[in-house]
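All ligand and atom numbering here is 1-based and tracks the order in the structure.
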Amino acid sequence: MASQREPIAVIGTGYVGLVTAAGFAELGNEVWCVDIDTDKIERLRRGEIPIYEPGLADSVARNRERLHFCTELAPALEQARLLFVAVGTPPTYSGDADLSAVHAVVDAMPASARHALVMKSTVPVGTGNSIKRTLAERGKNGFAYVSCPEFLKEGSALEDFRAPDRVVVGDDGDWAGDAVVALYAPLRSPLVRTDIASAEMIKLAANAFLATKISFINEIANVCEETGADVLEVARGMGLDHRIGTHFLRPGIGFGGSCFPKDVSALKQLAGNSGYHFQLLTAVIEVNELQKRRVIGKLQKHLGSLVGCKVALLGLAFKPNTDDMREASSLVLAARLHADGAAVSAYDPIAEHEARKLLVGVQFADSALDALDAADACVLVTEWPEFAQLHWPTVRERMAGRLVVDGRNFVAPRDVQAAGLVYEGIGRLACRR
Ligand SMILES: NC(=O)c1ccc[n+]([C@@H]2O[C@H](COP(=O)([O-])OP(=O)(O)OC[C@H]3O[C@@H](n4cnc5c(N)ncnc54)[C@H](O)[C@@H]3O)[C@@H](O)[C@H]2O)c1
């Protein structure tokens, strides 16, 4: 069976590229993985996985014979006709998506009527049609193009590959779209086959909507704090309405990561560049920025001036089960704490290596308790499961102060308070449970 699956190439072996490669290798495809990062390719060839993603190391190891890692495009072009593009599209200073890595891939394509670019990278609406025009202008009309946006979530990326909510394929109705549909067929997931621009918009609109839900519930949480309601009760009561749903109604200290902030900004800028002012997204972004800083106000409420205080940050990654620090709330928090004269200690079970590259002046600890040593306050930043197991009486002994700010409404206030600590959640009535 496996031999009937067609070989593919994946250009860019980061979070999306490596997961996509491993996922298709599991389905029986030979996968040629190309990256310009020679160190990354060397590590992958040695069997090392450059990122933390549950199950990925096992999957790559199990499918080693079908995964080929290289820094050159030539072997990939020779072996595969479908070239999945999974290079980064980070934000520029203007908030637009930086497409330089995508353009570098397009520029490297030969004149060929046999190949297709399959865009996994998140790109502004219109990119696919613009790439097709560019290829045609260069006499490469035969090159096919498919938009196949990726919806995986870091932390459960492989599961998301194996059982996606949907697969979106935007194409011109040619062989390449059919081939991508055939590749995903064994997953038996709902398929949305559409035009290229609509596929590109589905990705941006989905992320913008999820980000909007988060900023919405965060604002409800803030109003709950002013009015004496408990946002967890409110979210439960709202979420049971099927039209609303329970997902993404968890208040906290703002969204981060490599996708939401940049995709919301990219859609807002895309709209602006097209002459439309997307007011709602402007608010979503602003609410999120302010939400990250609300922790500082909570600390000041209890401690007064933060000059000379020691604050322990538990969790640094933008969410649990990843070592991704891109746009993590911890970055804003640590910077604000330093600016206010506080000393910052921190612990993250996985992301320390990445965090050390970005956080200056932070004292890294080997455990949550070590980070809490002599701290005036503890801030739960990332809801790593191990923090749910914290023994609060021991925490109380190790800390100099008594304040616990639960930035993810993750732990039970009653347990914290029973240890003689002061609990502050987000929009939550501490006395309730
Ligand atoms: N990370 C996510 O959760 C996620 C989810 C859905 C969609 N996306 C989108 O997928 C794309 C990739 O994201 P990521 O998080 O995997 O990025 P990443 O930074 O982890 O990986 C990108 C990889 O591309 C490589 N690269 C850059 N230029 C290259 C070139 N010219 N040729 C070959 N390789 C090149 C880089 O060396 C890097 O290894 C982005 O557009 C992102 O928005 C990401």
Applied to residues 166-180, the salt bridge (charged side-chain N to carboxylate O under 4.0 Å, His left out) test, sequence neighbours excluded, yields K132-D172, D171-R193, D178-R193

Check side chain to side chain donor-acceptor pair (under 3.5 Å) between E159 and all other residues, then give those that pass, not counting sequence neighbours. none

Side chains of H103 and S100: is there a donor and an acceptor less than 3.5 Å apart? no

Looking at S329 and I253, would you say the former's side chain and the latter's main chain have a donor-acceptor pair under 3.5 Å? yes

Once you restrict both partners to nitrogen or oxygen, which atoms of ligand 1 have a protein partner under 3.5 Å, and how far apart are they?
residue: ligand 1; atom: 1 (N); partner: E154; partner atom: OE2; Å: 2.8
residue: ligand 1; atom: 1 (N); partner: S258; partner atom: OG; Å: 3.3
residue: ligand 1; atom: 3 (O); partner: E154; partner atom: OE2; Å: 3.3
residue: ligand 1; atom: 15 (O); partner: R326; partner atom: NH2; Å: 2.9
residue: ligand 1; atom: 16 (O); partner: Y15; partner atom: N; Å: 3.1
residue: ligand 1; atom: 16 (O); partner: V16; partner atom: N; Å: 2.8
residue: ligand 1; atom: 20 (O); partner: Y15; partner atom: N; Å: 3.2
residue: ligand 1; atom: 37 (O); partner: D35; partner atom: OD1; Å: 2.6
residue: ligand 1; atom: 39 (O); partner: D35; partner atom: OD1; Å: 3.4
residue: ligand 1; atom: 39 (O); partner: D35; partner atom: OD2; Å: 2.6
residue: ligand 1; atom: 39 (O); partner: K40; partner atom: NZ; Å: 2.6
residue: ligand 1; atom: 41 (O); partner: T89; partner atom: OG1; Å: 2.6
residue: ligand 1; atom: 41 (O); partner: T122; partner atom: N; Å: 2.9
residue: ligand 1; atom: 43 (O); partner: T122; partner atom: OG1; Å: 3.4
residue: ligand 1; atom: 43 (O); partner: K262; partner atom: NZ; Å: 2.6

Verify whether one side chain among S345 and Q363 offers a donor that lies under 3.5 Å from an acceptor in the other. no

Can you run down the ring-ring contact (aromatic ring centres under 6.0 Å, His included) pairs that involve residues 41-78, sequence neighbours left out, and say none if there aren't any? W32-H68

